[in-house]
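Just so you know, these numbers use all the heavy atoms, side chains as well, and skip hydrogens, waters and symmetry mates.
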Amino acid sequence: MGKAYQKERREAGYSPHTVKNDLMELKTVVGKWWGKECGILEANPFAAVEPPKVDKLDPRIITPIERDAFVAWLTQSWDHWRFPLLFLEVKASIGCRIRELASAPTCNLKDGRLTFEAVTAKGRKTRRSKLPSLLYIELVSLSGPNFIFERFPDQ
């Protein structure tokens, strides 16, 4: 069944990357949830299926024109609501993880930097990220009393 699924996906014209991702997800869902957790299946039909070999893709970096169009679309879609755009700008500026930024306490904003404590950071190392000054000032002015982005749900 698993091999037939792979063959059908390939013949339907899906890219090898899509077929590989589909197989990996199905192997997990069927094996863990339908098999071990729910007891629906005794054997995982995807367990022995080898996904296609694929080359690692280089990430595509968007152009400034694409970025500007995206920001304009978000601005219009969110009726000029600044907070979500600020979140994305900070993330793009310092390259942090979404969860790190979303849970960052306001007290970690100091001297133009946002500090990610070792306890919550990947690699368990404290990181101090320098923010552009205008972005830092805006972030401080919109931050909540406990967490930087805690006002987000209220707005």
Is there a donor-acceptor contact under 3.5 Å from the side chain of Thr115 to the main chain of Arg128? no
Quick one: do Glu89 and Arg82 satisfy salt bridge (charged side-chain N to carboxylate O under 4.0 Å, His left out)? Show the steps, please. CA-CA 10 Å; Glu89 286 178 23; Arg82 181 69 183 128; 2.9 Å; yes
Residue pair Arg10 / Pro52: nearest heavy atoms and the distance that separates them: NH2-CB, 2.9 Å
Rounded distance (nearest 0.5 Å) linking atom CD of Glu11 with atom CD of Gln6: 11.0 Å
For Ser93 and Leu131, indicate whether the former's side chain and the latter's backbone hold a donor-acceptor pair under 3.5 Å. no
Just so I know, are the side chains of Arg60 and Glu66 near enough to count as touching, which here means a heavy-atom distance under 4.5 Å? yes
Output the distance between atom OG1 (Thr75) and atom CG (Leu85), rounded to the nearest 0.5 Å. 4.5 Å
Hey, quick one: are Leu134 and Val140 part of the same hydrophobic cluster, counting side-chain heavy atoms closer than 4.5 Å, chains of contacts allowed? no
Which heavy-atom pair separates Asp111 from Lys130 by the least distance, and what is that distance? O-NZ, 4.4 Å
Do Glu100 and Arg127 have side-chain heavy atoms sitting under 4.5 Å apart? yes
Do the side chains of His17 and Lys56 get nearer than 4.5 Å, heavy atoms only? no
Within-4.5 Å side-chain heavy-atom neighbours: Leu23 and Tyr5: yes
Ring-plane angle category for Trp81 and Trp78, please: parallel below 30°, perpendicular beyond 60°, tilted otherwise. perpendicular
I'd like to check Pro145 versus Glu150 (side-chain heavy atoms, cut-off strictly below 4.5 Å). Are they in contact? yes
Tightest non-hydrogen contact, residues Leu114 and Ala104, listed as CD1-CB, 4.2 Å
Going by an N to O cut-off under 4.0 Å, is there a salt bridge joining Lys20 and Glu25? no
Heavy-atom side-chain contact between Asp22 and Tyr14 under 4.5 Å: no
Using distance only, find each side-chain donor-acceptor pair of residues 31-46 under 3.5 Å and give its atom names and separation, not counting sequence neighbours.
from, atom 1, to, atom 2, distance (Å)
Asn44, OD1, Phe46, N, 2.8
Asn44, ND2, Lys27, O, 3.0

Please give me the minimum heavy-atom distance between Pro51 and Met24, naming the atom from each residue. CG-SD, 3.9 Å
Going by the ring pair (Phe, Tyr, Trp, His ring centres under 6.0 Å) test, which pairs reach into residues 88-137, not counting sequence neighbours? none
What I'd like to find out is whether the side chain of Val19 reaches to under 4.5 Å of the side chain of Val54, using heavy atoms alone. no
If you group Ile, Leu, Val, Met, Phe, Trp and Tyr by side-chain heavy-atom gaps below 4.5 Å, do Trp73 and Phe83 land in one group? yes
Leu101 and Cys96 have their tightest heavy-atom pair at CB-SG, 3.6 Å
Smallest heavy-atom separation, Ser143 atom then Leu109 atom, equals OG-CD1, 3.5 Å
Any chain of hydrophobic side-chain contacts (each under 4.5 Å) joining Leu74 to Ile98? yes
Would you say the side chain of Val90 lies within less than 4.5 Å of the side chain of Ile94, judging by non-hydrogen atoms? yes
Would you say Ile62 ends up clustered with Phe70 if hydrophobic residues are merged whenever their side chains have heavy atoms under 4.5 Å apart, either directly or through other cluster members? no
Should Phe147 and Phe149 be counted in the same cluster of Ile, Leu, Val, Met, Phe, Trp and Tyr side chains packed under 4.5 Å apart? no
